[in-house]
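This structure is a prediction, so every number in the text was calculated from the model and none was measured.
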Amino acid sequence: MKTEENISEELVAQLKEWHNTGNHLKVVLELRSLPETSKSYVLTSLLARALNNLNLYEEALGLLQGVSEQGKEDRDWYFRVGYSLFYLDGREVEAIPYFEKAIELGDDYPSTYELLLEAKSFLEEEVENDKVTEEEFVFEPKAKAQLSLNMKLQPQHRGHIEDSLDYMLRIKKWGCVSGGGTLISKNGEPESCDIELDLISYSEEMKDNIIMVANNIEVAKGSKLKYYAKEKNANSKFDVEYPIGKLVGLGLYIEKKFLQEKNIEFDVVTELYNSLIKILGNNGALIPSYSENENQIGLYFYGERDYNYLASKISPFLKDNIVGKECVIEQIA
């Protein structure tokens, strides 16, 4: 069967599967091999998306600019152009109107609001205006929601999730982020974290809104959303607990005793951490974090691909690294 633009449904399904599993290089190779890609708005847009996810922003932007007329009412086109511009050095501010237009056309991904907020941080005056707008949104909460994230994130590492959620909820006048916390195990390692939301109404519509938002957040598998009325004695007919998350987690553990015995400075661990971010960072979404306790240093990476792929991606580098070759690697989500 064929879809719009005479594209086979089998091709669309395959491209979607590769995208959802973070296999963006396969998308690029497949689409570049097809002569019809250059004549198709849909395939050109999907190729640009994959190039963006591989950090090839200039090439993605060029493709998107070539189909600007077809994309003028497409929220995905505006987001992808904004994404390319945001990650090109010195062009962050140019991304603002594209993110704003994507949201105007119905983009409900918290990551879009996060990027818009970050882009506006390059304009001090705009940030101040946003703060005034947020302060003016005052409401009496009727419902609450809790996002329980199966992620070993310290407060500073979950901040981008909280900021994007808060910005999105305030702009939509649905509510705000009211708090958060990290559960620490007995050995001092983060186990999981929570984000608390205050919401303007307790209703079927708000429940559906929050489920939609939660499904669009880039968090680890095993996370969940809980939505409930603020008043303890209220009717609970809209209460819900809902599983969320699509990222897998990989953890590397380094024994401090080994570092001490080999007289290895902490800067070497920092270099290892930053190198792994670069290696894993061209496969779509990646959320890194770390922690330290009395005996160990933990490095955590949450990504789109399956665990075995993430582990195989970093194994060659670890084998040649003085600290990496002594790490214990575990699946953490």
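A donor-acceptor contact closer than 3.5 angstrom is absent between the side chains of Tyr167 and Glu118. Remark: the Ser291 side chain and the Tyr300 side chain contain an N/O donor-acceptor pair separated by less than 3.5 Å. Between the side chains of Ser148 and Asp194, at least one donor N or O sits under 3.5 Å from an acceptor N or O.
Put simply, the side chain of Lys144 reaches to within 4.5 Å of the side chain of Ser178, judged on heavy atoms. Residues Pro141 and Phe139 have side chains in contact (heavy-atom distance under 4.5 Å, counting atoms from C-beta outward). Taking the side chain as every heavy atom from C-beta outward, Asn53 and Val27 never approach each other to under 4.5 Å. Under the 4.5 Å side-chain criterion, counting only non-hydrogen atoms from C-beta, Asp239 is in contact with Tyr202. Annotation: side chain of Asp306 is not in contact with side chain of Asn23 (no heavy-atom distance under 4.5 Å). Between Leu149 and Ile161 there is a side-chain heavy-atom pair separated by less than 4.5 Å. No side-chain heavy atom of Val248 sits under 4.5 Å from any side-chain heavy atom of Tyr309. Proximity of Trp77 to Tyr41: side-chain heavy atoms (C-beta onward) are separated by under 4.5 Å at one or more points.
Considering CZ of Phe79 and OH of Tyr83, their distance stands at 6.5 Å, rounded to 0.5 Å. Atom-to-atom distance recorded for Lys257:NZ and Asn295:CG is 10.0 Å, nearest 0.5 angstrom. Residue Leu250 holds its CG atom at 4.5 Å from CD1 of Ile314, rounded to the nearest 0.5 Å. Rounding to the nearest 0.5 Å places CG of Asp208 at 9.5 Å from CZ of Phe238. Here the CG-CG distance, from Leu15 to Leu47, works out to 10.0 Å after rounding to the nearest 0.5 Å. Interatomic distance, CD of Gln154 versus CD of Gln156, reported as 5.0 Å (0.5 Å rounding).
Shown here for Met168 and Asp108, the closest heavy-atom pair between the two residues is CE-O, 3.1 Å. Summarising the geometry of Ile264 relative to Val268, their closest heavy-atom pair is CG2-CB, 3.7 Å, with the distance given to 0.1 Å. Here the closest non-hydrogen pair linking Asn293 and Lys256 is O-NZ, 2.8 Å. Taking all atoms of both residues into account, the shortest heavy-atom contact from Ser164 to Glu114 is CB-CB, 3.2 Å. Residue Pro110 comes nearest to Leu165 through the heavy atom pair CG-CD2, 4.4 Å, listed as atom of the first residue, atom of the second, then distance. The shortest heavy-atom contact between Pro190 and Leu153 is CB-N, 4.4 Å.
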Take Glu255 and Glu261, measure what side-chain contact (heavy atoms from CB on, under 4.5 Å) needs, and give me the verdict at the end. CA-CA 10 Å; Glu255 294 294 331; Glu261 289 176 348; over 6 Å; no

Mind running side-chain contact (heavy atoms from CB on, under 4.5 Å) on Leu272 and Leu318 for me, showing each step along the way? CA-CA 9 Å; Leu272 170 63; Leu318 293 178; 3.9 Å; yes

Start with the C-alpha distance between Tyr302 and Ser289, add both sets of side-chain angles, then the distance that settles side-chain hydrogen bond (donor to acceptor under 3.5 Å, both in side chains), and finish with yes or no. CA-CA 9 Å; Tyr302 299 91; Ser289 186; over 6 Å; no

Apply the test side-chain contact (heavy atoms from CB on, under 4.5 Å) to residues Leu64 and Asp76: give CA-CA distance (whole Å), side-chain angles for both, the deciding distance (0.1 Å), then the verdict. CA-CA 11 Å; Leu64 292 164; Asp76 291 335; over 6 Å; no

Determine, step by step, whether Glu36 and Lys39 satisfy the salt bridge (charged side-chain N to carboxylate O under 4.0 Å, His left out) criterion, reporting the C-alpha distance in whole Å, the side-chain angles of both residues, the deciding distance to 0.1 Å, and the verdict. CA-CA 5 Å; Glu36 59 264 39; Lys39 302 175 184 178; over 6 Å; no

Checking Tyr253 against Glu189 for the side-chain contact (heavy atoms from CB on, under 4.5 Å) test, could you report, in this order, the C-alpha distance in whole Å, the side-chain angles of both residues, the deciding distance, and whether it holds? CA-CA 11 Å; Tyr253 293 92; Glu189 180 183 20; 2.6 Å; yes

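Figure legend: cation-pi geometry between Lys262 and Phe258 absent, as NZ or CZ is not positioned both under 6.0 Å from the six-membered ring centre and within 45° of its axis.
Looking at Lys230 and Asp198, no side-chain N of the basic residue comes within less than 4.0 Å of a carboxylate O on the acidic one, giving no salt bridge. In summary, Lys26 and Glu30 do not engage in a salt bridge, as defined by a charged side-chain N under 4.0 Å from a carboxylate O.
Remark: the backbone N or O of Ala220 is not paired with any side-chain donor or acceptor of Asn150 at under 3.5 angstrom.
Linking ILVMFWY residues whenever their side-chain heavy atoms come closer than 4.5 Å, directly or via other members, places Trp18 and Val28 in the same cluster.
Among the candidates Ile287, Thr182, Ile332, the single residue satisfying the side-chain contact (heavy atoms from CB on, under 4.5 Å) test with Met151 is Ile287.
A distance of 6.0 Å or more separates the ring centres of Tyr113 and Phe99. You'll find the ring centres of Tyr273 and Phe301 inside the 6.0 Å limit.
Crowding of Tyr57 atom OH: a count of heavy atoms from other residues, nucleotides or ligands under 6.0 Å exceeding 12. Other residues, nucleotides and ligands contribute only 12 or fewer heavy atoms inside 6.0 Å of the NZ atom of Lys226.
Identified under the salt bridge (Lys or Arg N to Asp or Glu O under 4.0 Å) test for residues 314-333, with sequence neighbours left out: none.
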